[in-house]
Amino acid sequence: MNLDFTTEENAFREEVRAFIRENYPKELMNMGTREDLTREQFLAWHKILGKKDWSTVAWPKKYGGTGWTSTQRYIWSEENARVDALMPLPFGVSMVGPVIYTFGSEEQKERHLPGIRSGDVWWAQGYSEPGAGSDLASLKTTAVRDGDHYVINGQKTWTTLAQHADWGFFLCRTDPSAKQQEGISFILVDMKTPGIEVRPIKLIDGTHEVNETWLTDVRVPVENLVGKENEGWTYAKFLLAHERSGIAGVARSKRGIERLRDIASSESIDGEPLIANGDFARKISQLEIDLTALEFTELRTLASEAAGKGPGPESSILKIKGTEIQQRLTELTLEAVGNYGAPYARGMEGHGVNDLNVGPDYSNHAADTYFNMRKTSIYGGSNEIQRNIITKMILGL
Ligand SMILES: Cc1cc2nc3c(=O)[nH]c(=O)nc-3n(C[C@H](O)[C@H](O)[C@H](O)COP(=O)(O)OP(=O)(O)OC[C@H]3O[C@@H](n4cnc5c(N)ncnc54)[C@H](O)[C@@H]3O)c2cc1C
């Protein structure tokens, strides 16, 4: 792939940069942590992008995508990462949206795609269960046909931000007698349907980011089945490949390394700036080398997507390396701020609390971000499972 930008691409970058500068909500600038944002804050940028038809950049033009080249999409990610923009959440845009426009009925496309583009409808992912994470196909939630409805019963877990969700996409067992993968269906569920209860799970950093979702006699019209009954596993896997390739977060990690360099220039060790310390400088350089290698892998994937191929098993490579880099970045940031990272506890900046962090602003959230980011090697399918996929699907072992 040629990485010299053309005059048109440079002009495109200017256009995007100006649009972000003029339209990105000022109150969302430099948010230290994201997990406790309100629904309105989460959706603010998405809604602005929706009005300009820029919220679903990777979708086919026919369904409201931009038709941008892979290089334009790369520029788009970079420019948003520069301001640390709060991008549209993946559940609608990168997960269920592509499933609906690829496998859904015309009615489903008409009904659901506009709300995903505009940011008016929030989606949640109902895949994992207490006994079915890595071994997802062993899921037990059932959907039993009753006239023109399915009746769903079961428990999902880790449902990210389901407390805000309007709709959810759920994997349910519709044929208990079939082989595991063959008896599963992909069903769209209005989260206001009676019988759905969303209960919070607190993460290690104290945030309410994930939930348990209980479904008791939830009646869902049969027209909410996506594709064919019992063929949901095919759609589920298609969605996971989209989910994984979106996790790599290259542009954001690049920005994170810049920030880490700034911190290391401000902090000192033995009377010298930390950035001049050979050991620490080597750690940052290694991270940059790994990120550059990942960036080229991502660009190759984007280029093959632009040539009409969907993300395949190579999305597992992006997922592993991308999340390892994100975690390493938070480790080095914590190391750079040293003791200042330690005293932070969520809520310290709250009303009536006098114990403000004694360190510089950039040390706020270093510890809770470090802890929060442990999740990245688990969600989207754990990194061990991605290694299994690579050995089978890419290496053919
Ligand atoms: C923050 C967060 C958000 C999430 N959001 C969602 C969501 O919105 N919707 C949703 O449906 N799910 C969500 N998940 C669930 C996520 O997909 C699962 O946690 C993940 O697939 C792992 O499943 P598990 O937690 O059941 O772990 P397990 O499957 O029990 O695995 C436990 C450990 O064993 C390892 N292991 C298991 N099997 C193998 C094997 N065959 N070979 C090698 N190692 C193995 C795993 O790598 C892991 O280290 C989220 C998870 C997290 C942490």
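Residue numbers count from 1 along this sequence. The model shown is predicted, which means the values in this text are computed figures rather than measured ones. Counting starts at 1 for both ligands and their atoms, in listed order. Side-chain atoms are counted along with the backbone in the values below, which use heavy atoms only and exclude waters and symmetry mates.
- Glu8 has no carboxylate O lying under 4.0 Å from a charged side-chain N of Arg13, or vice versa, which leaves the two without a salt bridge.
- By the 3.5 Å distance cut-off applied to N or O atoms, Glu209 is not counted among the residues near ligand 1.
- Applying the 4.0 Å criterion to heavy atoms of Lys375 picks out, from ligand 1, the atoms 1 (C).
- An N or O contact shorter than 3.5 Å links Gln125 to ligand 1 by distance.
- Protein heavy atoms come within 4.0 Å of atom 20 (C) of ligand 1.
- Residue Ser382 has at least one N or O atom closer than 3.5 Å to an N or O atom of ligand 1.
- With a 4.0 Å cut-off on non-hydrogen atoms, Ile385 touches ligand 1 through its side chain and not its backbone.
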**From CA spacing to verdict: side chain to side chain donor-acceptor pair (under 3.5 Å), Thr213, Asn211** = CA-CA 6 Å; Thr213 304; Asn211 301 275; over 6 Å; no
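- For atom 41 (N) of ligand 1, a protein heavy-atom neighbour is present inside the 4.0 Å cut-off.
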**Message:** Under the criterion side chain to side chain donor-acceptor pair (under 3.5 Å), I'd like the reasoning laid out for Ser377 against Thr323: C-alpha separation, chi angles, the key distance, then a yes or no.
**Reply:** CA-CA 6 Å; Ser377 47; Thr323 55; 5.8 Å; no
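- Of the listed residues (Ser128, Ala162, Ala124), the one carrying the non-hydrogen atom nearest atom 11 (O) of ligand 1 is Ser128.
- In this structure, Lys375 pairs ionically with Glu209, as a charged nitrogen and a carboxylate oxygen lie closer than 4.0 Å.
- Taking the ring axis of Phe170 as reference, the NZ or CZ atom of Lys156 does not stay both within 45° of it and closer than 6.0 Å to the ring centre.
- Distance remark: protein heavy atom present below 4.0 angstrom from atom 16 (C) of ligand 1.
- For the pair Glu331 and Arg374, the salt-bridge criterion is met [side-chain N within less than 4.0 Å of a carboxylate O].
- Under 4.0 Å from ligand 1, the heavy atoms of Val210 that appear belong solely to its side chain.
- Of the charged side-chain nitrogens involved, none lies within less than 4.0 Å of a carboxylate oxygen, so that Arg255 and Glu78 do not count as a salt-bridged pair.
- Among the candidates Leu274, Thr330, Leu329, the single residue satisfying the side-chain contact (heavy atoms from CB on, under 4.5 Å) test with Leu260 is Leu329.
- In this structure, Trp167 and His112 have perpendicular ring planes: the angle between them is above 60°, well past the 30° mark.
- Looking from atom 44 (N) of ligand 1 to the surrounding protein, the closest heavy atom is Glu384 CB, 3.6 Å.
- At a heavy-atom cutoff of 4.0 Å, ligand 1 is contacted by the side chain of Asn388 but not by its backbone.
- Residues Glu267 and Tyr362 bring a donor and an acceptor atom of their side chains to less than 3.5 Å of each other.
- Gly133 CA, 3.3 Å is the protein heavy atom nearest to atom 26 (O) of ligand 1.
- The aromatic rings of Trp68 and Phe12 stand perpendicular to each other, their planes meeting at an angle above 60°, with 30° marking the opposite boundary.
- Contact check on Arg328 versus Asp290 returns no salt bridge, with no Lys/Arg side-chain nitrogen under 4.0 Å from an Asp/Glu carboxylate oxygen.
- For atom 52 (C) of ligand 1, the closest heavy atom belonging to the protein is Tyr379 CB, 3.7 Å.
- Of all protein heavy atoms, the one closest to atom 37 (C) of ligand 1 is Ser134 OG, 3.5 Å.
- Taking only nitrogen or oxygen atoms, main chain and side chain alike, Thr160 reaches within less than 3.5 Å of ligand 1.
- Close approach of ligand 1 to Tyr127 is summarised as follows: ligand atoms under 4.0 Å from at least one heavy atom of the residue are 11 (O).
- Counting only heavy atoms, the protein gets under 4.0 Å from atom 50 (C) of ligand 1.
- Nearest non-hydrogen protein atom to atom 6 (C) of ligand 1 is Trp158 O, 2.7 Å.
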